[in-house]
Undergrad: 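Attaching a single structure in structure tokens format; questions to follow.
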Amino acid sequence: MNKPEEFAELKFDGKTIKLPVVRGTENEIGLDISKLRPQSGWITLDPGYTSTGSCQSAITFIDGEKGILRYRGYPIEELAEKSTFLEVAHLLLYGELPTAEELDRFTDTVRRHTMLHEDFRRFFSALPKDAHPMPVLAAAVGALATFYPEHDDAESLNHVHVGVVRLLAKMPTLAAAAFKHSIGQPTMWPRNDLDYASNFLRMMFGVPAEEYVIDPVIAKAVDLLLILHADHEQNCSTSSVRLVGSSQSHLFSGIAAGISALWGPLHGGANQKVIEMLERIATEHGTADRFVERAKDKSSNTRLMGFGHRVYKSYDPRAKILKKTCNDVISRVGGSSQLLEIAMRLEEIALNDDYFISRNLYPNVDFYSGVIYKAIGIPVNMFTVMFALGRLPGWIAQWMEMRADPTFKIGRPRQIYTGATVRHIPGR
Ligand code: ACO
């Protein structure tokens, strides 16, 4: 931490506590309360961590009011237009976009680790066919740690690097294998001459009986989706990765925790819920207006999925990019644009409705991503898996940053106890 020159004062109960002020490079201000309890006996209380920073990080910057997202300083719009997912992964993990030579080396190393251990085949057959692929993926990544116990050694940079590469390389193989198992088709093994997105598409949709022809427009759309999901600072899943990693557990077990957190409908699982919402509106011949009314009614337990965000209080820049991509993909694959039309109608109504305006609720990344996944034939229960594939380099980069931080401590929040005061078992 930088040496504090500024302090805020907290006065309570006859005591004055000086809290060091920490300023980020974008002038964000944090009050360092790490010594508050030793000095005063008090703690701060912030359920959902709405006003709590858990770390200092140099990876991703978000300005939720202005709708800005940057990875390592680069605007998401530029990265989306001018880079590939593996370049962005390199940027997040190692701090810089790779030179051509570095990219070749990185890509080549990732390619050489795409296969799974032969004994891993039996893992999938132990699980029910209709299992949701997110817990399957979480379990698979956790189980992968048993094949690579050496990555426990976070002190060895080489072990960490190989672990990082293994995860990046094997996640698409695992995800596609989970899908193939669920539909009863033979697993397609990776083809290392293909780029990251094309290789994944072939493992998902190819069959051994015939050649799978890759559509470069679809592969590019998948690569873009992975870039847009690659990191988002201290969200629920990333904080889970950091918290689990803070106990110095194996890298893969932290990532398994991140996948589990991402599965929830208030986080990455929202992309599946969005498409289910759009399909329901379409099949019930309901109008978008009626659905928006229901989402505003607190007694209905309905939310406009894909709308609202803890950090963005304006348009999510990723949703802006995806809205544009939706049209390109749909016109390419020649599918129905009905769901996109419903989504755009929902957006139009909500953005002109006082309920959404007053609460700063705008489309988030999940609002349009599902429409693209659907158009390119990704099954609905695989949407959140796609999110996990994209978020992987961000989770790992955050884990690496935490483990390299000299102020690193095990994460252990406090609480305010509200239960019974001491009592004793009567008559014994
Ligand atoms: N539809 C209707 N009302 C909403 C919505 C929504 N999608 N989102 C928030 N609100 C309302 C809440 O009811 C609340 O109203 P109130 O002040 O009258 O009680 C107000 O807006 C604030 O909402 P909170 O839930 O307190 O906001 P929070 O920051 O905790 O939650 C969240 C953010 C979880 C994303 C929320 O907006 C939501 O549930 N959205 C729908 C699910 C979704 O799209 N999740 C994906 C998020 S992006 C991601 O994880 C990748």
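Note that the coordinates shown come from a computational prediction; the quantities given were computed from them, not determined experimentally. Both counts, for ligands and for their atoms, begin at 1 and track the order of listing.
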Undergrad: What protein heavy atom is closest to atom 20 (C) of ligand 1, reported as residue, atom name and distance in Å?
TA: Arg359 CD, 3.7 Å

Undergrad: Only heavy atoms of Phe387, strictly under 4.0 Å: list the atoms of ligand 1 that pass.
TA: 51 (C)

Undergrad: Closest non-hydrogen protein atom to atom 11 (C) of ligand 1, residue and atom name please, with distance?
TA: Tyr355 OH, 3.5 Å

Undergrad: Tell me whether atom 31 (O) of ligand 1 lies less than 4.0 Å from at least one protein heavy-atom position.
TA: no

Undergrad: Write out the residue and atom name of the closest protein heavy atom to atom 47 (C) of ligand 1, then the distance separating them to 0.1 Å.
TA: Asn364 ND2, 3.6 Å

Undergrad: Would you say the side chains of His161 and Tyr94 form a donor-acceptor pair under 3.5 Å?
TA: yes

Undergrad: When you measure from atom 43 (C) of ligand 1 to every protein heavy atom, which one gives the shortest distance, and what is it?
TA: Ala270 CB, 3.6 Å

Undergrad: Distance alone, cut at 3.5 Å: any donor-acceptor contact between the side chains of Glu78 and Tyr71?
TA: no

Undergrad: Any donor-acceptor pair under 3.5 Å linking the side-chain atoms of Thr114 with those of Asn192?
TA: yes

Undergrad: Which residue from Leu266, Thr50, Asp366, Leu304 reaches closest to atom 1 (N) of ligand 1 through any of its heavy atoms?
TA: Leu304

Undergrad: Could you tell me whether the side chains of Thr384 and Asn271 share a donor-acceptor contact shorter than 3.5 Å?
TA: yes

Undergrad: I'd like to know if the side chain of Thr50 reaches the main chain of Asp46, judged simply by a donor and an acceptor atom lying under 3.5 Å from each other, with no hydrogens or angles considered.
TA: no

Undergrad: Quick one: which of Lys313, Arg310, Arg303, His309 has a heavy atom closest to atom 25 (O) of ligand 1?
TA: Arg303

Undergrad: Looking at ligand 1, would Phe367 count as a contact under a 4.0 Å heavy-atom criterion?
TA: no

Undergrad: Can a donor-acceptor pair be found between the side chains of Gln272 and Asn381 at a distance below 3.5 Å?
TA: no

Undergrad: I need the atoms of ligand 1 closer than 4.0 Å to a non-hydrogen atom of Ala295, numbered in the order shown.
TA: 2 (C)

Undergrad: Using a distance threshold of 4.0 Å (strictly less than), state whether atom 4 (C) of ligand 1 has a protein heavy-atom neighbour.
TA: yes

Undergrad: Quick check on Lys298 - does any of its heavy atoms sit under 4.0 Å from an atom of ligand 1?
TA: yes

Undergrad: For atom 9 (C) of ligand 1, what is the nearest protein heavy atom, given as residue, atom name and distance?
TA: Leu361 CD2, 3.5 Å

